[in-house]
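Before I ask anything, let me first share the structure, which is written out below as structure tokens.
Values reported hereafter were calculated over all heavy atoms of this structure, with side chains retained and with hydrogens, waters and symmetry mates removed.
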Amino acid sequence: MYKVLFVCSGNTCRSPLAEALFNKAVNEDKDLSGKVTASSCGTATHFEELAQPNAITAGQNLGVDISGHKSHQFDPELLNIFDIIIGMTTAHRDTIAFRFPEHKDKIFALYEYNTGERDCKNVQDPYGCDLDTYEKVAVELNEQINLMLEKLKSNV
């Protein structure tokens, strides 16, 4: 099983949405179903914080349910479990790669993974914003995940 880890800051908005959207898309894809899975965590989360209400609603609008999600703090041991680590921003990527340079070849920002550009766009943190912002971020994540899955098909 090929394992993807999505990372954001608090693991209550972007990365749980990315995880759920990714797993939904994988389950609907006959070439990837049963071969790839995703999880998520945060670099600065509180123990088992619930997903933000607007993130839950934005996810529901795209057919995923993160209402039962509880945040998880990034643990270095995850680097040995997951095949790739995908940060929502270059700062997430750089924070992990700086601390664990021996794993830098499997640590990317989401847009970097899809474009190959290290100096890439970041996924906006919607924490504390209105539902419209969360929905825009969720749609953006869904688009990037679909691009990511096309790329993964050649690697899995």
How long is the span from the CD1 atom in I86 to the CD atom in E19, to the nearest 0.5 Å?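 Between I86 CD1 and E19 CD, I get 13.5 Å after rounding to 0.5 Å.
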Are the side chain of N142 and the backbone N or O of L62 linked by a donor-acceptor pair below 3.5 Å?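 Judged by distance alone, no pair lies under 3.5 Å.
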Any donor-acceptor N/O pair, K35 side chain to V26 backbone, under 3.5 Å: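 Side chain of K35 to backbone of V26: no pair is present.
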Atom of T12, atom of L50 and distance for their closest heavy-atom approach: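 Answer, listing the atom of T12 first, then L50: CG2-O, 3.4 Å.
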What's the verdict on side-chain contact (heavy atoms from CB on, under 4.5 Å) for L152 and F22, showing C-alpha distance, side-chain angles and the deciding distance? CA-CA 12 Å; L152 273 178; F22 183 94; 3.6 Å; yes
Mind running side-chain contact (heavy atoms from CB on, under 4.5 Å) on M88 and L141 for me, showing each step along the way? CA-CA 9 Å; M88 295 293 107; L141 286 169; 3.6 Å; yes
For N114, which of E143, K121, Q144 qualifies under side chain to side chain contact (heavy atoms under 4.5 Å, CB included)?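 For N114, the side chain to side chain contact (heavy atoms under 4.5 Å, CB included) test succeeds with only one of E143, K121, Q144, which is Q144.
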Rounded to the nearest 0.5 Å, what's the gap from CZ on R93 to CD1 on I107? Could you check?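 The CZ atom of R93 sits 10.0 Å away from the CD1 atom of I107.
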Working note: V7 + T43, criterion side-chain contact (heavy atoms from CB on, under 4.5 Å); need CA distance, chi angles, decisive distance, verdict. CA-CA 7 Å; V7 181; T43 57; 3.6 Å; yes
Compare every heavy atom of Q124 with every heavy atom of R14, then report the nearest pair and how far apart it is.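 Taking R14 first and Q124 second, the nearest heavy atoms are CD-O, 3.2 Å.
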Non-hydrogen side-chain atoms of L78 and C41 separated by less than 4.5 Å: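 The answer is yes, as the side chains (C-beta and beyond) meet within the 4.5 Å cut-off.
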Which residue pairs satisfy the ring-ring contact (aromatic ring centres under 6.0 Å, His included) criterion with at least one member in residues 111-151, sequence neighbours excluded?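 For residues 111-151, and leaving out neighbouring residues, the ring-ring contact (aromatic ring centres under 6.0 Å, His included) pairs sorted by first residue read F108-Y113.
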Any Lys/Arg nitrogen of K136 or E140 sitting under 4.0 Å from an Asp/Glu carboxylate oxygen of the other?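 Salt bridge between K136 and E140, a charged N being under 4.0 Å from a carboxylate O: no.
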T45 OG1 to Q73 CD distance, which is reported to the nearest 0.5 Å: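 Rounded to the nearest 0.5 Å, the OG1-CD separation comes to 6.5 Å.
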Distance-minimising heavy-atom pair for A58 and A138: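 Here A58 and A138 meet closest at CB-CB, 4.0 Å.
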Shared ILVMFWY cluster between Y2 and F6, side chains joined below 4.5 angstrom?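 Both belong to a single hydrophobic cluster.
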Donor-acceptor check, side chain of T95 to backbone of A91, threshold 3.5 angstrom: yes or no?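 Checking the backbone N and O of A91 against the side chain of T95, a donor-acceptor pair under 3.5 Å is found.
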Examine distances only and state if a side-chain atom of N23 and a backbone atom of A38 form a donor-acceptor pair shorter than 3.5 Å.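 Pair found, side chain donor or acceptor close to backbone of A38.
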Please find the pair of heavy atoms, one from L17 and one from G59, that lie closest to each other, and give the distance.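 Shortest heavy-atom contact: CD2-CA, 3.6 Å.
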Is I84 reachable from L79 through a run of I, L, V, M, F, W or Y residues, each pair having side-chain heavy atoms under 4.5 Å apart?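 Different clusters: L79 never reaches I84 through Ile, Leu, Val, Met, Phe, Trp or Tyr contacts under 4.5 Å.
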Do you know which two heavy atoms are closest between H69 and S40, and how far apart they sit?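 That closest heavy-atom pairing would be CE1-OG, 3.7 Å.
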Residue K151 excluded, over 12 heavy atoms near NZ under 6.0 Å: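 Enclosed.
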Just wondering, are more than 12 heavy atoms of other shown residues or ligands nearer than 6.0 Å to CG in D119?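 Result for CG/D119: open.
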For the pair K70 and E49, find out whether any cationic side-chain nitrogen is under 4.0 Å from an anionic carboxylate oxygen.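 Result for this pair is no, no salt bridge flagged.
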How are the rings of F100 and F74 set to each other: parallel, tilted or perpendicular (split at 30° and 60°)?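 Tilted.
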Can you measure from CG (L110) to CG (N122) and round to the nearest 0.5 angstrom?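 Atom-to-atom, L110:CG and N122:CG are 10.0 Å apart.
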Nearest non-hydrogen partners of A51 and I56, listed with the distance: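 For A51 and I56, the tightest heavy-atom pair comes out as O-CD1, 3.8 Å.
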Using a 4.5 Å cut-off on heavy atoms from C-beta on, say whether the side chain of I81 contacts that of K3.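 Result yes, sub-4.5 Å side-chain heavy-atom pair found.
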For the atom pair OG (S39) and CG (N11), what is the distance rounded to the nearest 0.5 Å?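 Here the interatomic distance stands at 8.0 Å.
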Apply side-chain hydrogen bond (donor to acceptor under 3.5 Å, both in side chains) to residues N54 and T57 and explain how you reach the verdict. CA-CA 5 Å; N54 283 342; T57 302; 5.1 Å; no
Listed by chain and number, what are the salt bridge (charged side-chain N to carboxylate O under 4.0 Å, His left out) partners of D29, not counting sequence neighbours?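 With sequence neighbours excluded, D29 shows a salt bridge (charged side-chain N to carboxylate O under 4.0 Å, His left out) to K153, given in chain and number order.
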Spatial distance of atom NZ (K104) from atom CG (D94) [nearest 0.5 Å]: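 Output value for this atom pair is 12.0 Å.
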What do the steps show when you test T89 against V123 for side-chain contact (heavy atoms from CB on, under 4.5 Å), and what is the final call? CA-CA 6 Å; T89 68; V123 178; 5.6 Å; no
Find out whether C8 and D125 are in side-chain contact, i.e. whether some heavy atom of one side chain is under 4.5 Å from a heavy atom of the other.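 Contact flag for C8/D125 side chains = no.
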Are the side chains of H92 and S9 in contact, using a 4.5 Å heavy-atom criterion?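 A side-chain contact under 4.5 Å exists here.
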Co-membership, hydrophobic cluster, residues V4 and I66, 4.5 Å side-chain: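 They do share one cluster, since a chain of ILVMFWY contacts under 4.5 Å joins V4 to I66.
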